[in-house]
Amino acid sequence: MKELDCWNGEEFKEVYEQYFSMIYRISLLYLRNTEETEDIVQDVFLKLLGKERNFKSEENRKAWLIQVTKNACRDINKSFWKSRRVDIKSLPELTNEEKGPDLYYVLEKLLLLPDKYKIVLYLFYYEDYYVKDISKILNIKESTIQTQLSRGRKLLKKKLRRELNE
């Protein structure tokens with residue numbers, strides 16, 4: 001059996017601080033529940049601890065974390081005990097100085113979209129991935145990603161316009 005190249009505490013802490021908010025937001029997009037989101041974040045980092053720390057690149061590590069997060073969220077959503085949802089109004093406010101004060105408002109509307117649109121829009125706009133990269137991460141054809149981006153934008157625009165007219 002191959003021996004794992006173990007993490008030291010400082011290295012892991014840096015990776016945790018770098019990716020915590022991304023994993024939390026992706027989980028929140030899928031689950032809409034802060035308690036389950038916190039569980040997923042913990043599970044993802046535990047899986048990372050059990051994996052060799054030598055990724056090909058930082059982008060490879062980020063893509064791996066996104067894929068593991070997405071799969072863990074899907075597993076929870078498929079489970080039979082998943083019957084309770086928390087009202088979107090009870091979600092904690094997320095702040096991000098680089099993205100501006102409207103981050104939470106748009107993210108709140110993004111949560112209301114079907115899963116296939118919200119993850120693609122999130123990765124494209126919040127994590128700055130190109131269509132080609134999203135295609136690799138999600139294992140979906142580039143043309144499908146482009147279609148989902150287009151349809152997702154239209155749905156999000158509709159939701160945002162509806163809010164402004166009320």
Side-chain angles (χ1 to χ4, degrees), residues 4-55 57-129 133-134 136-140 145 148 152 155-156 159-160 163:
L4 291 178
D5 186 11
C6 295
W7 293 88
N8 74 39
E10 199 56 42
E11 286 175 317
F12 188 77
K13 182 180 176 187
E14 287 177 25
V15 172
Y16 180 85
E17 289 171 352
Q18 182 177 0
Y19 293 111
F20 172 83
S21 63
M22 176 193 74
I23 292 169
Y24 187 90
R25 288 190 304 258
I26 290 172
S27 299
L28 198 55
L29 284 172
Y30 275 102
L31 301 173
R32 296 185 211 129
N33 179 300
T34 55
E35 290 82 12
E36 289 174 342
T37 294
E38 290 166 0
D39 288 345
I40 291 295
V41 171
Q42 182 177 343
D43 290 347
V44 169
F45 282 110
L46 283 173
K47 286 179 184 175
L48 180 63
L49 264 177
K51 185 167 174 51
E52 286 189 57
R53 66 183 172 92
N54 294 330
F55 287 88
S57 67
E58 198 59 39
E59 280 302 308
N60 184 263
R61 179 189 340 231
K62 187 175 181 180
W64 184 86
L65 288 166
I66 290 169
Q67 191 66 39
V68 168
T69 302
K70 182 186 81 145
N71 290 341
C73 291
R74 283 189 174 169
D75 289 346
I76 282 186
N77 279 333
K78 287 180 186 177
S79 65
F80 74 94
W81 52 268
K82 178 71 177 166
S83 60
R84 170 173 84 64
R85 294 276 177 167
V86 172
D87 183 37
I88 198 165
K89 302 275 189 249
S90 69
L91 295 174
E93 185 165 339
L94 300 174
T95 59
N96 186 335
E97 293 77 31
E98 302 93 49
K99 305 288 186 197
D102 295 332
L103 172 71
Y104 179 69
Y105 177 74
V106 175
L107 194 56
E108 182 180 329
K109 299 306 167 210
L110 191 63
L111 281 169
L112 301 173
L113 299 178
D115 285 348
K116 66 182 179 180
Y117 300 130
K118 65 184 167 188
I119 189 64
V120 171
L121 287 169
Y122 174 79
L123 291 174
F124 189 80
Y125 288 106
Y126 287 87
E127 297 299 331
D128 297 322
Y129 275 106
D133 299 324
I134 297 170
K136 287 178 185 174
I137 290 169
L138 300 179
N139 199 22
I140 299 173
I145 299 295
Q148 289 175 346
L155 284 172
L156 187 57
K159 288 188 183 303
L160 293 171
E163 281 284 318

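- How far CG of Asp43 is from OG1 of Thr69: 10.0 Å, rounded to the nearest 0.5 Å.
- With a 4.5 Å cut-off on side-chain heavy atoms, Ile66 and Tyr129 count as touching.
- The distance from the CD1 atom of Ile40 to the CG atom of Asn71 is 10.0 Å, given to the nearest 0.5 Å.
- Annotation: salt bridge (Lys or Arg N to Asp or Glu O under 4.0 Å) contacts of Lys70 (sequence neighbours excluded): none.
- Between Cys73 and Ser27, the shortest heavy-atom distance links the atoms SG-CA, 3.5 Å.
- Two residues are said to be in side-chain contact when any heavy atoms from C-beta on lie closer than 4.5 Å; Leu156 and Lys118 fail this criterion.
- Looking at residues two or more places apart in sequence or on another chain, you find a salt bridge (Lys or Arg N to Asp or Glu O under 4.0 Å) between Glu58 and Arg61.
- For Ile134 against Val120, the heavy-atom pair with the smallest separation is CD1-O, 3.9 Å.
- Minimum heavy-atom separation, Gln148 to Tyr117: O-CD2, 3.3 Å.
- To the nearest 0.5 Å, the span separating CZ on Phe55 from CG on Leu65 amounts to 6.0 Å.
- The distance from atom NZ of Lys116 to atom CG of Leu138, rounded to the nearest 0.5 Å, is 13.5 Å.
- Ring-plane geometry between Phe12 and Phe45 is classed as perpendicular, the angle between the planes exceeding 60 degrees on a 0 to 90 degree scale with a lower cut at 30.
- In this structure Asp39 satisfies the salt bridge (Lys or Arg N to Asp or Glu O under 4.0 Å) test with no other residue, sequence neighbours excluded.
- Contact check for Thr34 versus Tyr24: side-chain heavy atoms found under the 4.5 Å cut-off.
- A distance of 9.0 Å separates CD in Glu127 from CD1 in Ile119, rounded to the nearest 0.5 Å.
- Checked by atom type, the side-chain pair Tyr122/Arg25 shows a donor-acceptor distance below 3.5 Å.
- Here the side chains of Leu113 and Lys159 are in contact, with some heavy-atom distance below 4.5 Å.
- Minimum heavy-atom separation, Leu31 to Thr37: CD1-N, 3.9 Å.
- Between atom CG of residue Leu121 and atom OH of residue Tyr126 there is a gap of 9.5 Å, rounded to the nearest 0.5 Å.
- Counting only heavy atoms from C-beta outward, the side chains of Leu155 and Pro114 approach each other to under 4.5 Å.
- Counting heavy atoms from C-beta on, the side chains of Trp64 and Lys47 come closer than 4.5 Å.
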